[in-house]
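I have placed the structure first, in the form of structure tokens, so that the comments after it can refer back to it.
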Amino acid sequence: MKKIEVSLNSKSYPIYIGCSLKKIGDLFRKYPAGEKILIITDENVSNLYSENISRSLISIGKKVDIFVIKPGEASKNFEVAYELLKKCSLFGMDRSDIIIALGGGVVCDLAGFVAAIYLRGIKFVSIPTTLLAQVDASIGGKTGINLPWGKNLIGVFHQPYFVVMDIQTLNTLPEREINQGMAEIIKTAVIRSKKLFTFLQKLEKSQLHRFFSRLVYECVLIKKRVVESDEKEEKGIREILNFGHTFGHAVEINSKNLNHGESVAVGMIGETYIAFKKGLCSQKLFKDIISLVEKYGLPTRSDVSASKLVDSIRYDKKAKGGRSRFVLPVRVGAVKTGVEVSPEEILLYWEKW
Ligand code: ADP
Ligand code: ZN
């Protein structure tokens with residue numbers, strides 16, 4: 001088991017990578033807390049993993065209750081959050097008790113949000129079980145729910161007590177979910193790591209599962225360093241994590257069939273195309289990113305029209321003063337932030353590509 005410490009101004013916490021969920025009680029023993037634990041999870045993950053965790057926690061004397069939500073983004077809303085808060089109250093949880101999020105990004109965002117607002121904030125342990133959540137959502141302290149007109153529009157920063165990742169849980173993940181995670185891993189490589197980029201190029205896709213542990217570790221380390229230098233996203237450093245996401249979010253909102261990772265893949269290619277056309281990066285980088293995206297089973301295009309894209313980008317919550325700011329690659333491992341691209345340019349480049 002590996003441990004990465006995230007050191008923030010507000011709080012520091014460890015991320016454990018490669019901990020068997022059957023033995024999670026041993027880890028909880030080290031952390032002072034009340035005796036009650038509420039596990040928040042979804043139906044799929046609950047069927048696979050909640051039994052092991054509950055048993056291990058009960059064996060160290062914890063009182064465990066579980067709340068199972070329906071899988072999928074639609075559960076990230078006020079109604080479900082309200083039901084969860086009610087559950088916390090009925091279970092008699094106080095400030096010393098712990099909420100566990102067991103699942104993918106949806107569960108982690110929602111459970112983190114509830115932990116952040118119940119009694120003005122209680123302890124929160126995140127156990128991400130998707131590749132996407134392990135390499136991305138689990139670090140950074142962002143929690144939240146959706147509003148009917150937009151994703152993650154309500155939320156707060158709430159750092160976890162600690163994070164536990166069992167790499168074995170990735171073995172039950174459907175391939176499309178693995179591919180989604182690969183999109184964030186490719187993004188991480190482009191923005192910060194030539195070493196990781198080269199590794200992804202050389203890796204045989206059929207051998208991917210053998211390297212999950214290494215990939216997760218590398219990405220967590222990179223994201224930790226970025227988040228540590230800009231905890232609340234105020235200094236512009238954290239902005240680099242947004243590579244592929246300006247277009248990506250717009251694609252995700254408008255596309256009927258692409259998930260987050262797939263949209264980010266399309267977004268990375270669109271944004272790199274702009275970088276290439278603006279003379280910021282080479283055509284080789286553009287081609288190399290396309291090859292990686294294809295290799296890991298991700299789409300390179302979407303059917304979203306340029307005009308819809310421009311409209312959505314205007315309303316992106318990261319747009320400042322109505323202008324779209326892009327993070328564009330310069331070379332592998334380096335990006336330029338805050339590049340303004342006009343709607344006319346977007347229309348032109350998107351249609352061309
Ligand atoms: P993300 O945003 O991380 O992709 P979601 O919470 O939307 O996460 O989860 C994606 C889907 O994968 C959900 O249907 C969820 O139930 C399922 N899932 C999550 N973890 C696992 C796992 N380890 N094995 C199988 N299915 C899983
Ligand atoms: Zn993302």
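Remember, it's 1-based here, ligands and their atoms both numbered in the order they're listed. All of these numbers come straight from a predicted model, not from anything done at the bench.
Contacts with ligand 1 closer than 4.0 Å are made by no heavy atom of N259, backbone or side chain.
Within ligand 1, counting atoms from 1 as listed, the ones closer than 4.0 Å to a heavy atom of T172 are 22 (C), 23 (N), 24 (N), 25 (C). Every atom of ligand 1 is numbered from 1 in the order shown, and the set under 4.0 Å from a heavy atom of P71 is 14 (O), 16 (O). Each of the following atoms of ligand 1 lies closer than 4.0 Å to a heavy atom of Q180: 4 (O). Heavy-atom proximity to L132, at under 4.0 Å, picks out these atoms of ligand 1: 1 (P), 2 (O), 3 (O), 4 (O). Ligand-side atoms of ligand 1 in range of Y49: 23 (N), range being under 4.0 angstrom from any heavy atom. Less than 4.0 angstrom separates some heavy atom of L48 from each of these atoms of ligand 1: 24 (N), 25 (C).
Scanning the protein heavy atoms around atom 9 (O) of ligand 1, the nearest turns out to be T130 CG2, 4.0 Å. The nearest protein atom to atom 14 (O) of ligand 1, hydrogens excluded, is given as N44 ND2, 3.1 Å; this is a heavy-atom distance. Scanning all protein heavy atoms for the shortest distance to atom 27 (C) of ligand 1 gives L173 CD1, 3.5 Å.
An N or O contact shorter than 3.5 Å links G105 to ligand 1 by distance. The N/O atoms of V106, backbone and side chain alike, include one that comes under 3.5 Å of an N/O atom in ligand 1.
Linking Ile, Leu, Val, Met, Phe, Trp and Tyr whenever their side-chain heavy atoms come within less than 4.5 Å puts F91 and F67 in one cluster. L196 and L298 fall within the same hydrophobic cluster, where Ile, Leu, Val, Met, Phe, Trp and Tyr residues are linked whenever their side-chain heavy atoms come under 4.5 Å apart, directly or through other members. Placement of M268 and L132 in two distinct hydrophobic clusters is found when ILVMFWY residues are connected by side-chain heavy-atom separations under 4.5 Å, directly or transitively.
Summarising the local packing, OH of Y31 is surrounded by more than 12 heavy atoms from other residues, nucleotides or ligands at distances under 6.0 Å. Heavy atoms of other residues, nucleotides or ligands lying less than 6.0 angstrom from NZ of K287 number 12 at most.
Here the N, O or S atom of H245 that is nearest to the Zn ion (ligand 2) is NE2.
Classification of E51 and R55 as a salt-bridged pair holds, one side-chain N sitting under 4.0 Å from a carboxylate O.
Note that K2 lies in the cation-pi zone of Y217, set by a 6.0 Å cut-off to the ring centre and a 45° limit from the axis.
Rounding to 10 degrees gives 100° for the angle at the Zn ion (ligand 2) between OE2 of E184 and NE2 of H260.
Summarising the contacts of atom 12 (O) of ligand 1 with K76, E177, E184, the nearest heavy atom is found in E177. When the options D136, T129, D42, I69 are ranked by their closest heavy atom to atom 13 (C) of ligand 1, first place goes to D42.
Ring-centre distance between F113 and F124: not below the 6.0 Å cut-off.
Ring orientation note: the planes of H249 and H260 are tilted relative to one another, at an angle of 30° to 60°. Under the 30°/60° scheme for interplanar angles, the aromatic rings of F276 and F286 are found to lie parallel.
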